[in-house]
Number of protein chains: 2
Amino acid sequence: MYEHMNKIPGMQQDSFIIDHSSVLPLHYQVEDLLRKLIEQPEYQNGKLLPNEVDLAKKLGISRNTVRQATNKLVYERLLVRKKGVGTKVASNNITTKLNKWSSFTHEMDEKGVKFKNYSLKISWEVADAELSKVFKIDKKTKILKLERVRGVASEPIVYFISYFHPRVGLTGDEDFSKPLYEMLENEHHTTAVISREGISAILADDELSEVLKVAVGDPILFRKRVVFDPGERLIEYNLGYYRADRFTYTIDIERG
Amino acid sequence: MYEHMNKIPGMQQDSFIIDHSSVLPLHYQVEDLLRKLIEQPEYQNGKLLPNEVDLAKKLGISRNTVRQATNKLVYERLLVRKKGVGTKVASNNITTKLNKWSSFTHEMDEKGVKFKNYSLKISWEVADAELSKVFKIDKKTKILKLERVRGVASEPIVYFISYFHPRVGLTGDEDFSKPLYEMLENEHHTTAVISREGISAILADDELSEVLKVAVGDPILFRKRVVFDPGERLIEYNLGYYRADRFTYTIDIERG
DNA sequence: TTTGTTCATATGTTCATACATACCAAATAT
DNA sequence: ATATTTGGTATGTATGAACATATGAACAAA
C-alpha cells in the first residue's frame with residue numbers, strides 16, 4: 001500500500017521526535033515541538049501549519065493530543081485557527097511594528113536580552129511592617145534583599161529591589177548574575193509561575209536620580225511585582241524603577 | 001439498584017441546566033454554569049467543586065466535556081486543580097489584599113465601576129502619518145475621534161483619546177456614554193477581543209494639567225492601546241493619560 | 001511516637017471514533 | 001459573465017474508555 005506521508009517542512013526526522021516512554025506528557029512534547037517549528041520564517045510568514053490529522057499520523061499520536069498542544073498555543077495567541085482553512089502563526093507583526101514608539105519592551109526585560117548588570121548588592125534586611133505583611137511572616141525575620149541596576153552598554157535603565165521569601169532557602173552566596181528564575185528552578189526547586197504586577201508613575205527623587213543617572217523630577221515607571229510558585233505561595237517581592245524615557249511596558253490583554 | 005446521586009450544593013434543579021439541543025456548545029454551557037456556581041460563597045471559601053465524574057453524570061455529559069469547561073477556568077486562574085484532591089476556586093484574596101497599595105485598579109477601569117464621564121467630545125480627524133500607519137489606511141481618510149475625561153465624583157482621573165477604524169462604521173451619533181465595547185458588540189457587530197498595550201510614564205504638560213487638574217510636571221501614566229477583533233483586525237486605537245497619584249495599573253502575568 | 005504501607009479517590013493523560021460546521025474553490029447552472 | 005451548487009478539507013464538538021499518577025487518610029509496624 002502506498003502511503004503518501006508528506007514531509008512536514010521544517011521538521012527534522014520522520015519521527016524520533018515524540019518519545020512515548022518519556023515521563024513528559026505527549027501533549028507537552030508536541031507543544032514544545034510546535035513552538036520550535038513555528039519559529040521558522042516560513043510559518044512566521046503565514047504558512048499554514050500541517051493539518052491536525054496529518055500531524056497526528058506523522059507523530060504517531062492521536063489528533064486529540066495534537067489539539068491539546070495547539071490549544072495551548074492558541075490560548076497564548078501564538079497560533080490562530082480558522083475552521084475549514086487551517087492553523088497558522090498569529091500575525092504578531094502588529095506588535096513589533098507598533099512598538100516602534102518605544103525602544104524597550106517587556107519581552108527584553110523578561111529574557112534579559114542585551115541587558116547587563118551594572119551593580120549588585122546583597123544584604124539581609126529585617127522585615128518592616130510592609131514586608132511582614134507581604135510575606136506573612138514575623139516582623140523581626142531577616143529577609144534576603146537583592147539590589148540590581150541593569151541596563152544596556154551605555155547607560156543604566158532599571159533599578160530592581162528583590163526580596164525573597166525565607167522558604168526559598170537562599171543564602172546570599174548564590175550567583176545572582178545568572179538568570180534569576182533559572183537559578184531558582186535548578187538550585188532551589190522553586191518554580192516561578194505567575195507574577196502579579198502593579199504599575200504606576202512617579203518622579204525621580206535624589207536616590208533614583210543618582211542610581212539611574214537621570215535628573216531629579218524625571219518621570220519614572222514604578223512597578224511592584226509579586227512572584228508566586230505553582231501552589232500560589234509567594235516567592236519574591238520585587239520593586240522596579242524604570243527610566244520612562246528608555247522603557248515602555250508592553251502587555252497583551254484578553255477581554256472576556 | 002440504589003443510585004446515590006448527591007445533590008450538587010448551590011445548583012438549581014437536577015438537570016434542565018444543560019440543553020443538548022441548544023446551538024451553544026455543551027462545554028460552553030458548562031463553563032457558564034460553573035462561573036455562576038463558583039460565585040457562591042461556599043466555593044469562594046475554598047469548598048471543593050463536585051468531582052468531574054459526578055458532575056459529568058449529573059449533567060448527562062461526558063467527563064471530557066466537563067474537563068474542557070473547567071480547563072478554561074483553570075487557565076483563567078479562576079480554578080485550581082489538585083490531583084488526587086479536587087478542584088476549587090483559586091485563592092484570589094492575594095490580589096485584593098496586595099492591591100491596597102493603590103486605590104485604583106485595572107479592573108475598575110475595565111468595568112467602568114464608579115467612573116463617570118466628565119466630558120465627551122466627538123470629532124472627525126484626518127489621518128496623519130501615525131494614524132495612517134496604525135490603521136493601515138490612506139493619509140487623507142477621516143477617522144472618528146472620541147475624547148473622554150473620566151473620573152470619580154470629585155475629580156478627573158483619566159483622559160482618553162480613541163480613534164475608531166472606519167470599517168467599524170461609526171457615525172459619531174452613537175451614545176458614547178454607554179459602555180463602549182457593549183455598544184460596539186450590539187450595534188456594530190464588532191467584538192473586542194484582545195488589546196495590546198504599552199505603558200510608559202510622562203510628565204504632565206500644559207494641556208494635560210488643564211484636563212486632569214494636576215500641576216504641570218506631575219507624573220502621568222501614559223498608555224497606548226490597540227484593540228482587535230477576533231480576526232485580529234484593528235478596531236480602536238486608544239491613548240490614555242492617567243493621573244499617577246490616583247491610578248495604578250494591575251496585571252497578572254504568566255511565566256512559561 | 002514516628003514511620004511505612006495500603007487504599008480509595010480525584011485529577012492527568014491518551015486514544016479511537018463520530019458527527020457538525022465553516023471555508024474555499026471548482027464545477028455547474030443561469 | 002455571473003450566480004449557485006457541491007465536494008473536499010479543515011477545524012469544532014462530543015463521547016466513552018482506559019490507564020497513570022498524585023494526594024490524603026486509615027492502618028500497621030518500628
Side-chain angles (χ1 to χ4, degrees), chain A residues 4 6 8 17-34 43 46-75 78-90 189 191 229-232, chain B residues 4 6 8 17-34 43 46-75 77-90 230-232:
Chain A
H4 190 51
N6 316 300
I8 294 171
I17 311 171
I18 298 301
D19 179 6
H20 280 261
S21 69
S22 165
V23 282
L24 291 171
L26 298 185
H27 71 86
Y28 186 83
Q29 294 182 45
V30 177
E31 187 192 321
D32 247 34
L33 189 142
L34 284 174
Y43 293 113
K47 177 169 185 179
L48 290 176
L49 287 185
N51 79 63
E52 298 173 347
V53 182
D54 283 358
L55 197 53
K57 199 171 290 174
K58 192 82 182 168
L59 300 175
I61 57 178
S62 85
R63 184 188 163 206
N64 273 359
T65 307
V66 171
R67 287 204 109 235
Q68 200 174 347
T70 43
N71 273 339
K72 184 122 183 259
L73 300 186
V74 168
Y75 212 103
L78 283 174
L79 296 180
V80 177
R81 283 207 263 241
K82 231 175 159 182
K83 204 190 281 193
V85 181
T87 305
K88 63 185 176 79
V89 175
H189 308 289
T191 312
D229 72 4
E232 294 199 57
Chain B
H4 190 52
N6 317 300
I8 295 171
I17 311 171
I18 299 300
D19 179 6
H20 281 261
S21 69
S22 166
V23 282
L24 292 171
L26 297 187
H27 71 86
Y28 187 82
Q29 294 182 45
V30 177
E31 187 193 322
D32 245 35
L33 189 142
L34 284 174
Y43 293 112
K47 177 169 186 178
L48 290 175
L49 289 184
N51 80 64
E52 297 174 346
V53 183
D54 281 0
L55 197 53
K57 197 171 291 174
K58 193 81 182 170
L59 300 175
I61 57 177
S62 84
R63 183 187 162 206
N64 275 359
T65 307
V66 171
R67 286 205 110 236
Q68 199 175 348
T70 44
N71 274 339
K72 184 122 184 260
L73 301 186
V74 168
Y75 212 102
R77 303 196 175 285
L78 282 176
L79 295 181
V80 176
R81 283 208 265 239
K82 235 175 158 181
K83 206 190 276 193
V85 180
T87 305
K88 63 185 175 79
V89 175
E232 296 198 55

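All heavy atoms count here, side chains included; hydrogens, waters and symmetry mates do not. Order of the sequence lines sets the chain letters (A, B, ...), proteins ahead of strands, with each chain counted from 1.
The CG-P distance, from A:Asn64 to D:dG12, rounds to 13 Å in whole Å. Rounded to a whole Å, the CG atom of B:Leu24 is 15 Å from the C1' atom of C:dT21. A straight line from NE2 of B:His27 to P of D:dG12 spans 10 Å, rounded to a whole angstrom. Between B:Glu31 atom CD and D:dT13 atom P the separation is 11 Å, expressed in whole Å. Rounded to an integer number of Å, the gap from B:Gln68 CD to C:dT13 P is 15 Å. When the P atom of D:dA22 is taken as reference, atom CG of B:Leu48 falls 19 Å away, rounded to whole Å. Atom pair A:Asp19:CG and C:dT13:P shows a separation of 16 Å (rounding to whole Å applied). Between the NZ atom of B:Lys72 and the P atom of D:dT13 there is a distance of 10 Å, given to the nearest Å.
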Discussion item. Run the side chain to side chain contact (heavy atoms under 4.5 Å, CB included) test on B:Ile18 and B:Ile61 for me, step by step, so that the C-alpha distance in whole Å, both residues' side-chain angles and the decisive distance to 0.1 Å come before the verdict.
Written reply: CA-CA 9 Å; B:Ile18 299 300; B:Ile61 57 177; 4.3 Å; yes

Discussion item. Applying side chain to side chain contact (heavy atoms under 4.5 Å, CB included) to A:Leu55 and A:Leu34, what does each step give before you reach the verdict?
Written reply: CA-CA 11 Å; A:Leu55 197 53; A:Leu34 284 174; 4.2 Å; yes

Practice prompt. Decide yes or no on side chain to side chain contact (heavy atoms under 4.5 Å, CB included) for B:Leu79 and B:Val89, but give the supporting numbers first.
Written response: CA-CA 4 Å; B:Leu79 295 181; B:Val89 175; 4.2 Å; yes

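With sequence neighbours excluded, the residues forming a side-chain hydrogen bond (donor to acceptor under 3.5 Å, both in side chains) with A:Thr65 are A:Ser62, listed by chain and number. A:Gln68 meets the side chain to side chain contact (heavy atoms under 4.5 Å, CB included) test with A:His27; sequence neighbours excluded. In this structure A:Asp32 satisfies the side chain to side chain contact (heavy atoms under 4.5 Å, CB included) test together with A:Tyr28, A:Lys36, sequence neighbours excluded. Applying the side-chain hydrogen bond (donor to acceptor under 3.5 Å, both in side chains) test to B:Arg81 and every residue at least two apart in sequence or in another chain returns B:Glu52, B:Thr70, B:Asn71.
Taking every heavy atom of both residues into account, B:Gln29 and B:Leu24 meet most closely at NE2-O, 3.0 Å.
In this structure, A:Thr65 does not reach the C:dT13 phosphate: none of its side-chain N or O atoms is under 4.0 Å from OP1 or OP2.
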So which protein N/O to nucleotides 6-11 of chain C N/O distances come out below 3.5 Å?
{"from": "C:dA10", "atom 1": "N3", "to": "B:Gly84", "atom 2": "N", "distance (Å)": "3.4"}
{"from": "C:dT11", "atom 1": "OP1", "to": "B:Thr87", "atom 2": "OG1", "distance (Å)": "3.3"}
{"from": "C:dT11", "atom 1": "OP2", "to": "B:Glu52", "atom 2": "N", "distance (Å)": "3.0"}

Under 3.5 Å between N/O atoms: give me all the protein pairs with nucleotides 3-7 of chain D, atom names plus distance.
none

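Counting heavy atoms from C-beta outward, B:Pro50 and B:Lys58 have side chains that stay 4.5 Å or more apart.
Among the heavy atoms of the strands lying under 4.0 Å from A:Ile61 are primed sugar atoms or P, OP1, OP2 only; no base atom is included.
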